[in-house]
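Please read the structure below before turning to the comments.
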Amino acid sequence: ELELSAIRHQPEGLERLLARTKFTKKELQSLYRGFKSECPSGLVDEETFKLIYSQFFPQGDASTYAHFLFDAFDADRNGALCFQDFVIGLSVLLRGTVHQKLKWAFNLYDINKDGYITKEEMLEIMKSIYDMMGRCTHPVLQDSAPAEHVELFFQKMDRNGDGVVTFEEFLETCQKDEDIMSSMQIFENVI
């Protein structure tokens with residue numbers, strides 16, 4: 001069995017990535033240099049992704065949330081992120097339309113990718129977020145906080161009360177929520 005580090009992965013051509021993302025040539029070149037310095041093989045496995053991501057949250061355990069993020073970026077489901085996976089996902093998050101960003105977020109929450117967000121899936125995500133934030137929050141969060149968050153989410157999102165949230169329900173509710181809509185714009189000028 002080949003190790004990922006032994007495989008040299010060649011990225012898609014620059015012109016193709018320019019067409020598939022909303023980054024400039026300079027931005028893509030800069031992102032690629034950063035990606036290659038962290039991942040010389042051109043591929044990132046889930047464990048490496050978790051290690052890199054966990055550095056941003058030293059006060060908590062980011063490994064479960066990083067797993068969900070990795071799955072959302074791994075569009076072709078091959079267990080490794082190549083530069084294309086990374087840059088296409090990043091393009092959506094930073095420069096995508098509101099619809100594209102909400103579709104990406106929905107995909108993150110829909111853990112089993114069946115087209116629905118269940119309370120169980122949302123609870124897993126919420127627990128992973130609370131774990132990532134650590135116990136250093138003020139005020140100190142109660143153990144029941146993730147479940148309460150899920151209940152509020154479903155009260156707001158599950159418009160027909162069937163116990164699951166479809167993309168249409170998610171989209172419609174998010175588009176009517178001013179706080180969610182303004183948060184969609186936060187990262188637009190990051191790079």
Open item on the list: If you take the centroid of each ring, where Trp contributes its six-membered ring, are W104 and F73 closer together than 6.0 Å?
Closed with: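 Yes, the ring centres sit under 6.0 Å apart.
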TODO: Measure centre to centre between the rings of F106 and H99, then say whether the value is under 6.0 Å.
DONE: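 F106 vs H99: aromatic centres not under 6.0 Å.
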- [ ] Classify the side-chain pair D131/S128 by whether it contains a donor and acceptor separated by less than 3.5 Å.
- [x]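 Checked: D131/S128 side chains show no N/O donor-acceptor pair below 3.5 Å.
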Using only atom types and a distance under 3.5 Å, with no angle test, would you say the side chain of [X] pairs donor to acceptor with the backbone of [Y]?
X: S30; Y: K26; result: no
X: D71; Y: F68; result: no
X: T166; Y: Y116; result: no
X: S182; Y: D179; result: yes
X: D74; Y: G79; result: yes
X: Q100; Y: T97; result: yes
X: E27; Y: T24; result: yes

Open item on the list: Would K119 and F154 count as a cation-pi pair here, with the cationic atom under 6.0 angstrom from the ring centre and within 45° of the axis?
Closed with: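 Judged by the rule (NZ or CZ under 6.0 Å from the ring centre, within 45° of its axis), K119 counts as positioned above F154.
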Open item on the list: Hydrophobic clustering (ILVMFWY, side-chain heavy atoms < 4.5 Å, transitive) - are M122 and I180 grouped together?
Closed with: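 They do share one cluster, since a chain of ILVMFWY contacts under 4.5 Å joins I180 to M122.
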Open item on the list: Using the side chain to side chain contact (heavy atoms under 4.5 Å, CB included) definition, which of the options L90, V92, L94, V87 pairs with T21?
Closed with: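 The single option meeting the side chain to side chain contact (heavy atoms under 4.5 Å, CB included) with T21 is V87.
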From [X] atom [atom1] to [Y] atom [atom2], the distance as rounded to the nearest 0.5 Å:
X: L31; Y: R33; atom1: CG; atom2: CZ; answer: 9.5 Å
X: I88; Y: L17; atom1: CD1; atom2: CG; answer: 6.0 Å
X: Q175; Y: L102; atom1: CD; atom2: CG; answer: 6.5 Å
X: M126; Y: Y65; atom1: CE; atom2: OH; answer: 8.5 Å
X: Q29; Y: L14; atom1: CD; atom2: CG; answer: 6.0 Å
X: E121; Y: D114; atom1: CD; atom2: CG; answer: 5.5 Å

TODO: Check the angle between the aromatic planes of F49 and Y53 and answer parallel, tilted or perpendicular using the 30° and 60° thresholds.
DONE: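 Aromatic pair F49/Y53 classed parallel.
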Task: Aromatic plane relationship, F170 with F153 - under 30° parallel, 30 to 60° tilted, over 60° perpendicular - done: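 The rings of F153 and F170 sit tilted, inter-plane angle from 30° to 60°.
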TODO: Decide yes or no for D110 and F167: does some side-chain heavy atom of the first lie under 4.5 Å from some side-chain heavy atom of the second?
DONE: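 Side chain of D110 against side chain of F167, heavy atoms only: no contact under 4.5 Å found.
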Task: V164 side chain near D158 side chain, heavy-atom distance below 4.5 Å - done: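 Side-chain contact under 4.5 Å: no.
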Task: Residues, nucleotides or ligands: over 12 heavy atoms within 6.0 Å of H67 NE2 - done: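 Yes, the 6.0 Å shell around NE2 holds more than 12 heavy atoms from other groups.
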TODO: Flag yes if more than 12 heavy atoms outside K50 fall under 6.0 Å of its NZ atom; otherwise flag no.
DONE: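 Atom NZ in K50 is packed in, count exceeds 12.
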Open item on the list: If the threshold is 4.0 Å, N to carboxylate O, is there a salt bridge linking K156 and E169?
Closed with: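 The answer is no: the pair does not qualify as a salt bridge.
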